[in-house]
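Read through the structure below, which is laid out as structure tokens, and then see the notes.
Computed from a predicted structure; not experimentally measured.
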Amino acid sequence: MRSTLTPVSHSNSASLPLRFIGGVLLTMVIALGLFWVMMQPPVADFRAMALFLSITAGISIAAGYIAYRSGLAQRAPHISWLLLGGYALASVLTFLNVWLTARLMFASQHDLLLATVLLVFAGGIAMSLGYFLSTTVTDYISELNEVARTIARGRYDVRASVRGANEVTELARSFNFMAERLQEAERKQRELDQMRRNLIAWAGHDLRTPLASIQALVEALADGVVEDSATRQRYLNTARRDIQALSLLIDDLFDLAQYDAGALELDRQPVAFGDLISDTLNRFAQLAARKSVTLEGEVSDHLDQVTVDVQKIERVLANLLANAIRHTPAEGRVRVQARKTGEWLLVEITDTGKGIAPADLPHVFDQFYRGEKSRSHATGGSGLGLAIAKRIVEAHGGEIGVESKTGQGARFWFTLPGPA
């Protein structure tokens, strides 16, 4: 794909020579006017003055135009040299103009020599002062150049100093803004690269384990190692569970890829949120009973219908409930509450499990993250349920979070736009 840059308008550069010529001619007219008004010279002297000023103006225009057309400004190795050359040319033209005028008008040779010394001195002072002031600008530009080179070498944390209130200062501010954007883009790219590597490693692990189990079971059945029907049925049931786990993992990966690509579409419909919670609790009642975990639900009396994508919010509740039950020991309790807080619906899922370690809290909604280092399916799930729940809630315009202390259970919560 070809990259194109928007060309900068050339209207200013095209009119620059005309403005230069106009400025020189206007200066000459003003000087002649002052000469006529203040000194009331004879016509011959006025003509002589006009001739001298015209010659000086012509030389100035010619020198400036030649420098402009030849690209001297672009070819100069240093801006300070270019500015110093401009000051030198201006000093020489001023010297010639004033010296020639004084040569014709001064009667005294002593006065002419004194004027010459003063003109040389004034020209030198002007050039020195001009060089000093231009160096402050060129040093600033050199600093920006060094910062740019540092960023080009891959260090995005450097910034240019911002001082003054001129165009170079605005350039420094724009440069720092660009550097911040580059640093942020580089950070996001590192995170994406790390997530991509984690996805490949974790998905490979979670796919390989059930596939290896299925392969071993099928080979045992195919080789006739299992003869009695009860053992054969148990092998088939185990293979079925592994296949279901694979199917769920693949579905989760597909859904997560869609969510990250921005392809999540919501089919919002009004629903009684109390019924939604009740149905979800009924789905997990048998699982909780097998683990001897008590399920409880509470919905505020003032909670009316909410407009959500019913299937996706059911999935959020299911993922959070499954996670809570998985980490709650026998004789524990999992509680679901929903109430209205201002303009928002707040849903809380609390458990009496062992809690979440402080180091794990910032990562519980990351893809494939599990606190258990063993990463077994029995204790850790696929590691995608909470990541999917986060994306669904945020797509509804809500927030999701977790609070926990080790040994004191966990509280997951999420918000949705308030009841109608």
Side-chain angles (χ1 to χ4, degrees), residues 191 194-195 198 201-202 205-206 209 241 245 248-249 252 256 273-274 276-278 280-300 313-341 344-394 398-416:
E191 292 179 353
Q194 185 61 44
M195 289 175 61
N198 291 343
W202 292 336
H205 177 279
D206 286 355
T209 301
R241 286 195 301 269
L248 289 174
L249 177 59
D252 286 345
L256 194 62
F273 209 80
L276 193 61
I277 290 180
S278 178
T280 306
L281 289 174
N282 289 334
R283 285 174 53 192
F284 286 88
Q286 187 175 359
L287 175 62
R290 288 201 303 265
K291 289 200 63 177
S292 300
V293 173
T294 301
L295 285 183
E296 300 176 353
E298 179 183 349
V299 179
S300 172
I313 295 301
E314 279 184 337
R315 187 171 187 181
V316 173
L317 288 170
N319 287 348
L320 294 177
L321 267 176
N323 183 73
I325 295 173
R326 182 185 303 119
H327 294 91
T328 300
E331 309 304 327
R333 184 176 68 255
V334 173
R335 183 177 181 83
V336 182
Q337 293 177 283
R339 66 178 187 273
K340 185 178 179 181
T341 59
W344 296 89
L345 168 66
L346 174 64
V347 183
E348 300 171 289
I349 296 91
T350 57
D351 63 63
T352 58
K354 62 182 181 180
I356 303 172
D360 294 330
L361 272 176
H363 306 287
V364 294
F365 295 104
D366 293 350
Q367 300 175 17
F368 284 102
Y369 186 82
R370 302 191 191 101
E372 293 84 358
K373 303 305 179 185
S374 62
R375 299 188 53 78
S376 67
H377 288 275
T379 59
S382 70
L384 293 175
L386 295 180
I388 291 174
K390 176 179 172 66
R391 284 156 176 77
I392 292 175
V393 170
E394 291 178 347
E399 296 181 12
I400 190 169
V402 60
E403 299 170 1
S404 179
K405 292 183 179 180
T406 305
Q408 300 182 21
R411 170 183 172 267
F412 283 84
W413 57 268
F414 66 91
T415 61
L416 295 171

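In this structure, the separation between CD on Glu298 and CZ on Arg335 is 4.5 Å, given to the nearest 0.5 Å. Taken to the nearest 0.5 Å, the CZ atom of Arg315 stands 13.5 Å off from the OG1 atom of Thr280. Atom CD in Glu348 sits 5.5 Å away from atom CD in Gln337 (nearest 0.5 Å). Atom CD of Glu296 and atom OG1 of Thr350 lie 8.0 Å apart (nearest 0.5 Å). Taken to the nearest 0.5 Å, the CG atom of Asn323 stands 5.5 Å off from the CZ atom of Arg326. Between the CD1 atom of Ile313 and the CZ atom of Phe414 there is a distance of 5.5 Å, given to the nearest 0.5 Å.
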Test side chain to side chain contact (heavy atoms under 4.5 Å, CB included) on Leu345 and Thr415; report intermediate values, then the result.
CA-CA 5 Å; Leu345 168 66; Thr415 61; over 6 Å; no
Please assess Val336 against Val299 for the test side chain to side chain contact (heavy atoms under 4.5 Å, CB included), listing each intermediate value before the final yes or no.
CA-CA 8 Å; Val336 182; Val299 179; over 6 Å; no
Going through the distances and angles, do Trp413 and Ile400 end up as a side chain to side chain contact (heavy atoms under 4.5 Å, CB included)?
CA-CA 6 Å; Trp413 57 268; Ile400 190 169; 5.8 Å; no
Go through the steps to decide whether Phe365 and Val402 satisfy the test side chain to side chain contact (heavy atoms under 4.5 Å, CB included), and finish with yes or no.
CA-CA 9 Å; Phe365 295 104; Val402 60; 4.1 Å; yes
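Counting heavy atoms from C-beta outward, Phe273 and Val347 have side chains that approach closer than 4.5 Å. Between Glu314 and Leu317, every side-chain heavy-atom pair lies at or beyond the 4.5 Å cut-off.
Distance alone, capped at 3.5 Å, places no donor-acceptor pair between the Ser278 side chain and the Gly274 backbone. Here the side chain of Ser404 pairs a donor or acceptor atom with the backbone of Ile356 at under 3.5 angstrom.
More than 12 heavy atoms of other residues, nucleotides or ligands shown are found within 6.0 angstrom of NZ on Lys291. In this structure, Arg411 places its CZ atom where more than 12 heavy-atom neighbours from other residues, nucleotides or ligands lie under 6.0 Å away. Other residues, nucleotides and ligands contribute over 12 non-hydrogen atoms within 6.0 Å of the CD atom of Glu394.
Results of the side-chain contact (heavy atoms from CB on, under 4.5 Å) test with Leu346 over Arg339, Lys340, Glu399 single out Arg339 as the only residue that passes. None of Asp351, Ile349, Leu320, Leu287 except one satisfies the side-chain contact (heavy atoms from CB on, under 4.5 Å) rule with Ile325; the exception is Leu287. Just one of Val293, Thr352, Thr294, Leu281 meets the side-chain contact (heavy atoms from CB on, under 4.5 Å) condition when paired with Val334; it is Val293.
Smallest separation of non-hydrogen atoms from Asn319 and Gly385: ND2-O, 3.1 Å. The heavy-atom pair separating Pro362 from Ala359 by the smallest distance is CD-O, 3.6 Å. The nearest pair of heavy atoms linking Ala357 to Thr406 is CA-OG1, 3.8 Å.
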